[in-house]
There are 2 protein chains.
Amino acid sequence: MQFDEKTGDVYLDVFKEAPVRALKPGETLIYAGDDATQVFNIVSGCLMVSRLGKDGRRQVMSFLFKDNFVGLTATDSYFFTVQAITPSSIAWRSREHLEGYLARDPSAERTFREMVFRVLENSLDLVYSLGQRTAVERLAVFILYLRQQYRIANGTESGPDTVDLPMSRQDIADFLGLKKETVSRSFTALDEKGLIKRPDAHSVDILDVEALRELAGITDFSSPFRLAAPR
Amino acid sequence: MQFDEKTGDVYLDVFKEAPVRALKPGETLIYAGDDATQVFNIVSGCLMVSRLGKDGRRQVMSFLFKDNFVGLTATDSYFFTVQAITPSSIAWRSREHLEGYLARDPSAERTFREMVFRVLENSLDLVYSLGQRTAVERLAVFILYLRQQYRIANGTESGPDTVDLPMSRQDIADFLGLKKETVSRSFTALDEKGLIKRPDAHSVDILDVEALRELAGITDFSSPFRLAAPR
DNA sequence: CGAGGTGTTGACTGATGTCAATGATGGTGG
DNA sequence: CCACCATCATTGACATCAGTCAACACCTCG
């Protein structure tokens with residue numbers, strides 16, 4: 001395995017020579033309920049992890065980008081759905097292959113565990129957003145989150161502050177626990193406050209990162225998702 | 001390590017001979033921001049994991065019971081606070097001790113990873129609740145969740161359906177992303193619908209489990225936290 | 001060029017939050 | 001053991017934020 005100091009991200013060599021599968025927008029990679037026999041690593045594109053209630057309510061759990069990992073569960077079957085948003089290519093291995101690899105290489109096992117911790121911490125960040133933040137605050141956090149994802153994926157630390165929004169307003173709404181109209185209105189609100197500009201519906205120019213951070217209640221500069229730790 | 005078929009829970013032998021620390025109600029075990037040098041396993045009592053925003057908003061991430069594990073992070077410091085709700089006793093080990101143990105025993109490593117997955121899945125359940133469910137629904141899920149915790153902790157499958165609520169209304173509110181008044185009103189609503197009875201503020205008699213499950217939108221009988229997996 | 005999907009905006013509704021008063025509970029010291 | 005006080009829970013009246021329903025605009029792709 002490797003640890004990339006620049007991005008803070010962790011890769012597993014298991015996917016080095018792995019077969020790659022292409023997905024069209026909207027295509028499903030993992031169906032909730034299927035046997036969890038494969039694991040995946042995103043090579044390119046943007047995917048969406050979601051969970052559907054029986055009455056049709058949907059919660060988007062996360063968006064996946066380059067080098068993100070999906071597919072493992074504590075049980076035998078997936079309990080979430082993964083779909084492509086943009087055309088994507090995904091490296092895959094059988095679950096057994098990964099398990100064998102991890103069993104053989106103890107340091108890989110440790111690295112892998114850290115990847116899982118990262119996912120857990122992201123999910124805890126989402127819990128904080130959904131439980132405590134208002135609509136506009138959630139959107140501010142979301143925009144900063146996407147910004148960070150792209151910077152990690154592209155390996156850039158600077159550059160013009162334009163963020164791509166490949167997903168629909170409905171997808172964003174289901175991620176932030178809001179309705180799509182509220183997401184629209186929140187974009188407008190950020191726009192009117194002068195924090196962002198919207199060239200079109202699927203991209204955002206960040207005009208005032210600091211004000212966005214302030215709104216989001218994020219203190220730590222380098223890792224946008226760590227909150228204050230008062231004592 | 002051991003796997004207990006009855007409860008589906010996983011224990012680590014690391015804590016078998018570990019020193020135990022006693023905590024009074026309200027006492028803090030882990031301060032957010034501290035170096036993450038120790039790991040813990042609950043022997044008895046009820047604890048609370050929470051995260052505080054700099055403006056004072058608090059999100060309770062989980063409640064911990066017998067045999068639950070806390071203390072590991074992907075980073076060097078804790079980013080959450082853990083406090084006792086009831087008098088508790090906690091077994092502890094140094095982080096190095098656990099790491100060494102896991103490195104020596106590959107099957108323990110795997111078991112440990114599964115424990116982490118369990119925590120992740122619980123956190124994803126909470127995300128669904130906060131993002132998609134109404135106040136009353138969240139409370140219904142919460143009551144069922146506590147019921148399951150006690151059944152696991154006590155190893156019982158049946159018995160009278162009374163659930164203990166050691167935490168305050170404020171704690172419940174901060175867990176469910178609501179205000180304490182709304183939690184009170186939701187209790188009253190469940191009471192008036194005849195689904196529960198409240199002998200006192202800190203215990204609940206479940207009168208109609210099925211109706212609670214219906215409200216919570218939970219289909220799977222055995223594992224109350226798995227949602228429908230429509231396709 | 002037209003049609004369907006997607007996004008924005010407006011008017012109104014409803015659920016949850018806020019503020020405040022009252023009622024219950026539990027711990028402490030007389 | 002009881003009385004008191006402090007804390008916590010409940011309830012009510014009202015405010016506010018997000019949801020609903022509906023119209024319209026825009027873009028994309030046949």
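Everything numeric here is computed off the predicted structure, so don't read it as measured data. Just so it is clear, the values below take in all heavy atoms, side chains as well, and ignore hydrogens, waters and symmetry mates. Labels below follow one simple rule: chain letters A, B, ... track the order of the sequence lines, proteins then strands, and each chain is numbered from 1.
- In this structure, CZ of B/Arg57 is placed 12 Å from P of C/dG17, rounded to the nearest angstrom.
- In this structure, B/Arg198 and B/Thr188 have side chains that are in contact, with non-hydrogen atoms separated by less than 4.5 Å.
- Taking 4.5 Å as the limit, every side-chain heavy atom of A/Ile90 sits out of range of all side-chain heavy atoms of A/Val70.
- The interatomic distance linking A/Gln132 (CD) with C/dT16 (C1') rounds to 14 Å, in whole Å.
- In this structure, B/Phe187 atom CZ and D/dT10 atom C1' are separated by 12 Å, rounded to whole Å.
- Atoms NZ (B/Lys180) and C1' (D/dC8) sit 9 Å apart, rounded to a whole Å.
- Classified by interplanar angle (parallel below 30°, tilted 30° to 60°, perpendicular above 60°), the ring pair A/Phe65/A/Tyr145 is perpendicular.
- Here the closest non-hydrogen pair linking B/Ala74 and A/Arg118 is CB-N, 4.4 Å.
- In this model, the phosphate group of C/dG26 is not approached by any side-chain N or O of B/His202 to a distance below 4.0 Å at OP1 or OP2.
- One atom, CG of B/Leu165, and another, P of C/dT25, lie 14 Å apart when rounded to the nearest Å.
- Here the straight-line distance linking atom CD1 of B/Ile196 with atom CZ of B/Phe187 works out to 6.0 Å at 0.5 Å rounding.
- By the 4.0 Å N-to-carboxylate-O rule, A/Arg58 lies close enough to A/Asp171 to be salt-bridged with it.
- Counting to the nearest Å, the P atom of C/dG7 and the CZ atom of A/Arg198 are 12 Å from each other.
- One interatomic measurement links the two molecules: NZ of B/Lys24 to C1' of C/dG27, which rounds to 16 Å at whole-angstrom precision.
- In this structure, A/Thr188 does not reach the C/dT8 phosphate: none of its side-chain N or O atoms is under 4.0 Å from OP1 or OP2.
- The shortest distance between side-chain heavy atoms of A/Gln38 and A/Arg21 does not fall below 4.5 Å.
- Separating the CG atom of B/Asp200 from the P atom of D/dC8 is a distance of 16 Å, rounded to the nearest angstrom.
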Going 5' to 3' through nucleotides 12-30 of chain D and flagging B where a protein heavy-atom sits under 4.0 Å of the base, S where only the sugar-phosphate is that close, and - otherwise, we get BB----SSBB---------
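- Picking from D/dA9, D/dT11, C/dT8 the nucleotide with the shortest atom distance to the side chain of B/Ser168 gives D/dA9.
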